[in-house]
Structure formats: structure tokens, C-alpha cells
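See structure below.
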Amino acid sequence: MFKLAIASLWNRRGSVWLTILAIAVSTLLLLGVERIRVQTQANFSNTISGTDLIVGARTGSTELLLSSVFHIGNLSNTLSWQSYEHLRELPGVTWHIPMAMGDSVHGFPVIATTDALFERFKYGNKRPLQFAAGGSFQQHDELTIAVLGAEAASERQLQVNDDLIVAHGTGEISFSQHDAHPFRVVGVLKRTGTPIDRGVFIPLEAQGLVHGEYLPADEHDDHAGEDHQHDRHEHEAHQEPPVYTLSAVLLGLENPALALRLQRTINTYRGEALSAIMPGLALQNFWRTLSLFERALVAISVLVVITGLLGMLTTLLASLRERRREMAVLRSIGAGPITILGLLVVEAFVVTLVGVMLGTVGLYSVLIFGAELLQQQLGIHVSASVLTLRELYLLLAILLAATVLSLFPAWRAYRNALADGLTVKL
Amino acid sequence: MSTCVELKQLQFTWPGAQLPLLSIPELTINRGERVLLRGASGSGKSTLLGLIAGIHTSGPGQVKVLGEDLAGLSQHRRDRLRANDIGYIFQQFNLLPYLSAMANVTLACQFAPARRQRLAQQSISAEAENLLTRLGLTAAQQRQPAHQLSVGQQQRVAAARALLGSPALIIADEPTSALDQAHRDDFIQLLFEACDAQQTTLLFVTHDATLAPLFPRAIELSDINHGGGGRDV
Ligand SMILES: Nc1ncnc2c1ncn2[C@@H]1O[C@H](COP(=O)(O)OP(=O)(O)OP(=O)(O)O)[C@@H](O)[C@H]1O
Ligand SMILES: [Mg+2]
């Protein structure tokens, strides 16, 4: 009986292949969307770890999160250098990363910061940043130097010692380019799968320099030669700050449990209106606001699967017409209506099974061979890990739905009179 | 001698037709009988055979086959009766085009446990091969899908399918229409051998006058049928 179903399918392989293909494509889409959804969420919460507080000028937590972690948007409010000096003196603060944003290079955000970023910033499961080539700012005397994120470097095809021009503003095209200050690339970071990859990192002093806020010591000081050994990362309190304002400061605490108390302290700081957020919590809240988009994705893929299944139903119903004779012949030699019903259900099951397997194989080939392209074109990183339980359930649900759907044409075949097909002339 | 087929007050009208096609007051065919059924084209021969095989439905008590009132049986029981005890060579053969000749023949036993039982000594495929060979199909032809066979070859496959497992009643609707004389004689000989061995009843429709002398009993449909739906007006 199973053999009969296979032989009959083989006989109609042309249209059957199309049905299998439709089911494969919908399976591929469903699994693909599910993967992207889950992994996006994972990537999303992996963007930052180990940072206990993010501090900026008084603003919404999402805004601060977006600008400091995702380098999206332009914080109109900034915090002063004095506030930063206050923050790093707070009890319990073990490290601090100042960040000043606002400029861009060909659409890549420029983040002015200190070497603390390369030493202290962590992402994913507390992984530190690593250099693929070159190193941090500190080995270099000049100010107009830059460290590039992996993607920024590969997309602009920049290597260590290449020059790049920083434009003012965040647009792709900018009118006031800081032509006078070509930056030399001194380091390229390894890929992290986070927004760090798109960053162009320059020293704070360089930012001050191109904005005219900071004059290097040797330009307003006569003792140029002596100042050469000057360590610019340890400005004395009385010295001119490298920049007057910062966009955000990342703080690491001795004890993460202190974060809540410190947050309150910072939020009530009298010198300036500040906001402190806890990145984990803010990320969670932000993801929740994105859940509408997430649900839309799921809805779309479910609709795609339904379309695929309806396609199968139509083919089954259409094939019933041409198979009336086949069914009748089987009936005439004694196959009961239940056998006919079973034959159609088995057929639908086999077709869907093959389609689902093909779709899964397709997904993995896309993940394995297309991962590079996905990452480059869409910035989506999806790994070819084994099927999760949830994905298996989805596949089973498709199989089940197809089998249940096929009961409808099967029931029609069941009801068709035996004579109906036999009297169809050849 | 017990009866094999018994018709009483059979009335049959095709849906949509005004006059009944068949109206047969009485017809009895005994077990082991060989009956030739004759009639003009369109007179209702195939329809009558379909009624006897339970393919078309008749009223209660009108058609009895092997002691069973067909109208009184459930659909399932009727399917079983046909599969087990009736070998039907259709006028249009009704083979499954995508199966091989061999598979088409053995399929007859798949849904018919009684036929399988009667074959108990031999294997189903060995007997199917034997029948096909005797009907003149080479081993290669037996493995070809049915739609690749000539019309006459298909007719012989249909015949082999009906004979496999020795059913009690063989209904043959113009089974030699597509055969040359030599193959026709082979087929008739095989058919009669099978009937002799198993006390099989044979109901045979043909327009071939040369076959008439082989049948002890011939029925002219117009003699027993009082319905007029099939006649040209
Ligand atoms: N499925 C059907 N629906 C309606 N009418 C039918 C159907 N099949 C046959 N008929 C009608 O029944 C009549 C008899 O048909 P049938 O096939 O029994 O003739 P026949 O005696 O076998 O003819 P032939 O010798 O040509 O095979 C015909 O007039 C035909 O129009
Ligand atoms: Mg006929």
C-alpha cells in the first residue's frame, strides 16, 4: 500500500515536485525567520556585558542605550567633563569608559574614547575586545589615530597605517569634512557580532582637536620637546580637559549589587541633570518594545507556511480529478474506501515530509554557504547550530497540519462513487 | 446445482435518463455455467455486468451473486465480495498505467485475502508470471509499465489479473476485442482450463461470432430485457 502510494506519486512527479518545493520553501522561511528572531534576540542581549551602569545627560533610558551601546541616534544632551570627573571618583567605581559621539566616517559612527574601552569593555559572555591587527591608542604619540571595528575596516577596506577622513555629523555625505585631520589607522578589532564592529574609535583628544576644543600641549607650550613623553591619559585636574562634553560614560563597579544605590546617587547629582541606566534592564525593556516587530515576523512566516499547505491542498484536490480512474480501479479490485483515504493521507504525509526535510537541508545550506553574505549584506549573524526543540516542534506542526488538511480531499475521494471513475473512458 | 447469479425484476435507469435501460424480469446462471451474452452496441451489456459485479447499485433483492443479495451488503462487504470472488475483465481494462504488468496482476490479490488463500501453494508472483507467460507476454514486457504496452497486451494483462487466484465468477466484457486470432485462442484455452479446474462460472460478452459455438448457453440481451432506454429512437 505504501509502495502503491510511492508508485502513484512517482507517476505524477512533475506536479508533486512543485508541491514539495512549495513546502520546502515555506519550511525554510519558517525556520529561517525563527532562527533570525531567536538569534537576533541573543545577539541583542549580547551587545554589552560586565558594564554596571551607563551614565548620560538626563534623557530616556532607551535613548541613552541606543546611542551608547548601538551608536544609533544623536544625543542632543551631553554631560560635562566635570561630571565625568565626579563620576570616576564615586565610591565603588573600578573602571570608566568615557564616550563622545556625533561624527561619522562614511556612515560608520565615530566614537571618541580612551584605551579603557579596549581594556574594560565586554560583550557576550563577558568576552573582552581583541585586536585582529595593530593595537590600542597608547603606543602612539600622535593624536589623529583610529582603531576600527571589524566591519568598518573590511567594508572600507582599511588596514593598519591607512588614512581616513572624519566627517562632522552622522550622515553618509557631509559638507564639513575635517580634511585637515586625516586619521591614521593603528588597530583593527576582531569581529564581535555587536555594534562595536561598525565603530571607528579615536582618542578623546583627537575629537577635541578636530572640534577645536583641545590644543595639544606642544602647540600652546614652548617646551615642546619635553612634553613629548607626556601621558595624555592622565590629565591632572587643573589641566585643560581633552573635550568639554561627553555623550555617555560606562561604569564598572567593584560590586554589581551596588549598581542600584549608585544609580540613585547619580540620578540625584546636583552638579548636572544626569541619567544612569543598568544596561541589562534597559536592553530587556527595549526588546520588549520591539516585540511587535517580532510578532509580525512570526505571523509572516506562519502565513507563508499556510500558503504552502494550501498549495498542497490544491494540488491534492486537482490531482483527484485526474486520479478518479486510478481510485476507481483500486476500488474495483477490492480496495475499500478506507484504503483510498489512507492512500491520499499517506501521500500528503510523504510529500510534506520530503518537503520539510528539503527545507531543513536548504536552511542549513543557506546558513553554511550564505552566512558570510548574510553577515555582510544584512548584518545578521545566524549560526548553523542543530535544530532546537522548538524548531522540531514547528516541523512536526507542519507535518501534522498537512496530514489533517489532506483528510479533506481524502474524504471527497472516499465519497466518490466507485462507478464514477470506472466509466470515464480512456 | 446452486445458482451463481440470480436476477429478479431488475430495473436499472441511468441518472438523468427517462426510460429504464434495463428491465429484466428473471435470469439465473448456475455455478460452473459458461454463458455468452450478446447484444447490440449500447444495449446495456456492460451496465448489466457492472450491476452483477456490484459496481452499480441495484434495488434490494434484484441481484443475487453467490447467494448474497448485493443491495443488502454494505459497501465494504460488496468490495470484498468483488475482490475475492469475481474476476472482472473490463472493456476498458482499467489497469494502473504507472505500475508494471506484473504489479497490475498481483495487485488483484492485495485486497483479496480469499484469492491469496486459494493461491496458498504457489507464490502470488510466480502464478502471475505463469499466467502472463501463457498469454504471450515476455519477461521483459511483464516488467514494463502498463501504459507502455500495446492495447492487446494491456487486454491480456487485464485478463491475467481477473484469473489470478481463481475467483468463482469471471466476468469478461469483450476480452478479445483487441486480440489477433492466435492470441485469442491462447486466451480462450487458458480461460476454459481455469474454469474447468475450479468449477468457475463464466459470463462472457463478445461480438465475435466464431466464439459462439464454444458456449453451451447464449443469451440475447434483447430477449430478456424489456427496458428500452438503450435503443435508438
Ligand atoms: N455512466 C453512464 N451514465 C449515463 N449513461 C450511461 C453511462 N454508461 C453507459 N450509459 C448508457 O447506457 C447505455 C448502455 O451502455 P453500455 O456501456 O452498457 O452498452 P454496451 O452494451 O456495453 O455497449 P458496447 O457493446 O458498445 O460496449 C448507453 O446508451 C449509454 O449511453
Ligand atoms: Mg460494453
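Every chain is numbered from 1, with letters handed out A, B, ... down the list of sequences.
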Is it the case that over 12 heavy atoms from other parts of the model lie below 6.0 angstrom from the [atom1] atom of [X]?
{"X": "B:R38", "atom1": "CZ", "value": "no"}
{"X": "B:Q117", "atom1": "CD", "value": "no"}
{"X": "A:W411", "atom1": "CH2", "value": "no"}

side-chain hydrogen bond (donor to acceptor under 3.5 Å, both in side chains): pairs with one or both residues in residues 293-307 of chain A, sequence neighbours excluded: A:R37-A:E294, A:S291-A:R295
To the nearest 0.5 angstrom, please state how far the [atom1] atom of [X] sits from the [atom2] atom of [Y].
{"X": "B:L99", "Y": "A:K3", "atom1": "CG", "atom2": "NZ", "value": "9.5 Å"}
{"X": "A:T339", "Y": "B:D79", "atom1": "OG1", "atom2": "CG", "value": "8.5 Å"}
{"X": "A:I333", "Y": "B:N94", "atom1": "CD1", "atom2": "CG", "value": "10.0 Å"}

Hey, are the side chains of [X] and [Y] touching, using non-hydrogen atoms and a 4.5 Å cut-off?
{"X": "B:F111", "Y": "A:L330", "answer": "yes"}
{"X": "B:L107", "Y": "A:L4", "answer": "yes"}
{"X": "B:Q75", "Y": "A:R331", "answer": "yes"}

Measure B:R161 against the heavy atoms of chain A and call it side chain, backbone, both or neither at under 4.5 Å. side chain
Applying side-chain hydrogen bond (donor to acceptor under 3.5 Å, both in side chains) to A:R12 and not counting sequence neighbours gives A:S8, A:E347
